[in-house]
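Order of the sequence lines sets the chain letters (A, B, ...), proteins ahead of strands, with each chain counted from 1. These numbers come from the heavy atoms of this one structure, side chains and all, not from hydrogens, waters or symmetry mates.
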Amino acid sequence: MVRIAPPARGGTLMASARSEPQSFNRIAANLLPTEIFMLLTQGRLVRINRANWQVEPWLAERWTTSPDKLTYTLTLREGVTWSDGVPFTADDVVFSLTAAYTPGTAVGSSLLVGDKQLKAVATGPRTVVFTYPSLFAPGVRLLDNLPIYPKHKLESALKAGEFVKAWSPKTPPGEMPGVGPFVLSEYVPGQRLVYDRNPRYWRKDDKGVQLPYLDRIGIQITPGQDAELVMLQSGQTDLIQQQLRAEDIANFRRLEEGGKTRLFDLGIATEGDHFVFNLRPEKWAKDPRGAWLPRKEFRQAISHAVDREEFVNTVYLGEGVPIHGPITPGNPDWFWPDIPRYQFSLDKARELLAGIGLTNRDQDEWLEDEKGNEARFTLEIFGLNLVIERTAQVLRDDLRRVGIAVDVVALAPNQVIQKVYAGDFEAVLLAFQFTDIDPATTLDYWLSSGSNHLWNPRQKLPATEWERQIDAIMHKQVVTEDMQERRKLFIEAQRIFSENLPMLYFAAPRIWVAVSPRVTTMMPGITRPQVLWNPEVISIK
Amino acid sequence: MTAFLLRRALFALLLVLVVSSGAFVLTRLAPIDPSGNMGVNVPEEVRERIRRELGLDRPFLNQYAEWLSRAVRLDFGHSIVFSRPVNELLGERAINTAVLAVTALVVATLVGLPLGVFTGSYPHGAAAKVLRAVSLVVLSIPPLVGSLMLVLIAARTGWFPIGGMTSSVGTTTWAGWLADLARHIPLPAIPLALPLAATLERLQSQSIADAGRQSFVHAALARGITKDEAVWKHAWPVSLGPVLGLYGVAIGSLFSGSFVVEVVTSWPGLGRLMYDALRGRDIYLVAGCAAIGALFLALGTFVSDVLQAAIDPRRREGAGE
């Protein structure tokens, strides 16, 4: 918790946003503006605290677990009402879960355990019983993925099969009640969203002061981060919704010295950018490079060829740390500091490449295989993303030193994503963020059957022995209750991952946020939106 | 005159159809799936639903034919990026752009035309020379640079807000809204108005100098009227022909939204809408923005033609031929 001064009630916080909501229905849509609407106006049964990653009781004040660990009985808080005065009950919870499993929603797949749905039954106005299809070690933590929406406003849409279209940008704000700290009072497309205090909000601070502290939050829609930063530094807004870019930090340090902004170091990000090779066998079946490009030695050589310290200095301008796997020091519960490291060594890289038949046969700049095919691949990246572009530049330069040619192609982000899902790529650099740090909630990434197993997704049976091993470990990890044992299992999964390197990681950035000097209390978290994730404790002077 | 109006209306319709169809076809044929906008962690079934709703699962010709049949009824479909009907978005943003365009046009006219008359009528004075030099400098400043300079000035001085059309918390009264708007509009309006004012000044200056050399102006002076009277009563109306021609283009480009200025100053107009549509590969919105841009261009040309015809009977007669 950041506390510059004792929190004071009242005032209007001005924020900015780069895009506006396509929907106010977080069950149906998952983009950041919709997430922010949900954080400001709605609630969850339990909440993962983005500042310390612990599970906190939220709309459910307590819960019990059955002896077989398959049933969770949640007791809802007493006296909670929707902002329109209708009581919040267990029926709203059952309704929300039913809606979440409607085909085509954004949260349904994140609420599955072993590809099966949870069941929820309201056994009283304040009691909901959740039955899990199998053991799931994180338990109620999974329910952080379930936004609670009002049955009395959305039941008809669900019955009509129109739920995913409900609460569109055209819905009048007064028709969208919530149990969160604020209510949307005005939305002017292209210009602003205005949120007013929800006078019926259930939460008080530890001194008994009714939350939220603020009376109002205004979010001005701006087309880019540069415009957002200028507004912040001139005092027109109090915060931006995302972290600062590395190139902006020095400027904001000067502004902080001049008293114009406050700067906060939130620590290391929970993810670095993801460098993934396409390992689908069909991709390389007819490609002459298929004999060496999908081999792990090729990826290990790349990992040895990149100087991670220099990478941090060039890509993140020093504001980051080297990493050697998908779990960063920003995820202290699951980070394994002893993960095998591929130390920077051009000789070791050349040795590995020679081992798979790649040597310089024609005395030019590049290596070739025995048939004369150059060691060359295409790396597709998000265009107009400075960090990704700098990363690609560093990779191209570093790999050139060992004779690997990288053809960098910058595309629109949606085009890169489309190609990833279609399997139409050789290698890509991606930026994305998981919603939780517990590996049991990111099985989509780890399991060979997962849709985010990006190097070779949705496998019916594991294509390789090491993927089969990781599958087995992760399945076991998910049902193991003992935390120490879960950590041990996950370390083993990371060890196998590190040996085979289906995805490469080089550095994770340090996350900085800047706010105006008006902001006196807030509880920032490491993931987006760093400040607005917990809006009720923000106060200003 | 009727034939002239009909011909112009037909031209406008054709222009709108060709430009919007071209935009639709090019955006649709780009090898990009708009459902990719939703990010990496989006379930495949959500992508499929979006693609189905947008008609991206149907053959291109089928999709184009359906779009065209709706477009001729002025229904441009549903925006992917904003999840709203394109018509609504165009309506809202067109009003915002119109507010900006009218302001810029009025400022440019009030500044550019009188100064042009002055520098054209008294070309050898020190003031005219200074004004011409300033005009040349202003003319050389593209709106991008102008708007960035003003953003910098606003950020340093706090004289006016840095971006947006109104404050982020809004206001409840019309008077409050107007006052708020008046604070926000200089930032985007000045970079648009100044180069246009300089262009008008130079064109008006040249035009009035040419008119001043006409025999009827000399004859009027010989009859004993003052130079100012000769300029304003006799030379100025005649000099307006080329100036009004410029208005056609200016109205078209200003009212279809300045892409650069609206993005830099966060003005929620048609230019920024087009920018968002292109970034999101929002085919229906791109086509809608192109259609309204073409419509404004056609209207601007039409207004200019009518005004020129009104002040110059020779054009009217020619138009009717």
Side-chain angles (χ1 to χ4, degrees), chain A residues 12 14-16 19-23 28-31 103-106 108-110 164 168-170 186 188-194 216 218-224 227 230-231 233-237 411-421 430-435 444 451-452 454 458, chain B residues 30-50 52-53 79-85 88-89 92-93 96 148 151-152 154-158 161-170 172 262-269 272-273 275-276 278-281:
Chain A
T12 298
M14 313 276 214
S16 59
S19 51
E20 49 197 301
Q22 294 181 1
S23 169
N30 73 340
L31 291 179
T105 66
S109 61
S110 67
V164 293
S168 76
K170 288 185 70 180
E186 187 187 22
V188 184
Q191 296 189 47
R192 63 178 176 271
L193 295 109
V194 180
R216 179 175 276 197
I219 297 180
Q220 184 153 356
I221 296 158
T222 58
V230 175
M231 284 183 187
Q233 71 185 67
S234 69
Q236 192 171 325
T237 55
L411 300 169
N414 58 355
Q415 196 174 0
V416 175
I417 290 166
Q418 181 196 355
K419 292 178 78 124
V420 167
Y421 281 104
L430 289 169
F432 68 90
Q433 186 174 288
F434 295 115
T435 51
D444 240 18
S451 58
N452 279 325
L454 295 174
R458 298 177 187 278
Chain B
I32 297 163
D33 183 345
S35 70
N37 286 333
M38 293 178 294
V40 175
N41 294 335
V42 176
E44 194 55 34
E45 56 266 30
V46 179
R47 287 178 202 286
E48 283 306 313
R49 168 172 64 82
I50 300 290
R52 211 168 37 248
E53 285 172 7
S79 161
I80 302 159
V81 169
F82 293 92
S83 284
R84 296 178 59 207
E88 277 184 20
L89 287 162
E92 286 167 5
R93 301 300 183 95
N96 298 343
L148 284 173
V151 165
L152 181 70
R156 297 274 176 193
T157 62
I162 288 159
M165 186 171 168
T166 49
S167 304
S168 49
V169 290
T172 50
E262 289 186 2
V263 168
V264 171
T265 64
S266 307
W267 189 266
R272 209 175 105 197
L273 190 68
Y275 172 76
D276 290 336
L278 286 168
R279 277 182 38 169
R281 304 303 191 270

Any donor-acceptor N/O pair, A:Gln236 side chain to B:Gly163 backbone, under 3.5 Å: yes
Does A:Pro189 reach the side chain of B:Glu88, with side-chain heavy atoms less than 4.5 Å apart? no
Could you tell me which portion of A:Gln233 (side chain, backbone, both or neither) has an atom closer than 4.5 angstrom to a non-hydrogen atom of chain B? neither
For A:Thr12, is it the side chain, the backbone, both or neither that has a heavy atom under 4.5 Å from a heavy atom of chain B? side chain
Which pair of heavy atoms, one from A:Pro169 and one from B:Arg84, lies closest together, and at what distance? CB-CD, 3.7 Å
Mind checking whether B:Asn96 and A:Gln191 have side chains closer than 4.5 Å, heavy atoms only? yes
Check whether any side-chain heavy atom of B:Ser83 sits under 4.5 Å from a side-chain heavy atom of A:Ser23, and report yes or no. no
Between OG of A:Ser19 and CZ of B:Phe82, what distance do you get to the nearest 0.5 Å? 9.0 Å
Looking only at non-hydrogen atoms, find the nearest pair between A:Val230 and B:Val151 and report the distance. CG1-CG1, 3.8 Å
Side chain, backbone, both or neither: which part of B:Arg93 has a non-hydrogen atom closer than 4.5 Å to chain A? side chain
Do you know the tightest heavy-atom contact between A:Lys170 and B:Pro85? CD-CD, 4.0 Å
Heavy-atom contact with chain A under 4.5 Å, split by part of B:Ser167: backbone
How long is the span from the CD1 atom in B:Ile162 to the CD atom in A:Gln220, to the nearest 0.5 Å? 10.0 Å
Would you indicate whether the side-chain heavy atoms of B:Arg272 and A:Ile221 approach each other to under 4.5 Å? yes
Do you know which of A:Val164, A:Val420, A:Val194, A:Ile219 has the most heavy-atom pairs with chain B at a distance under 4.5 angstrom? A:Val164
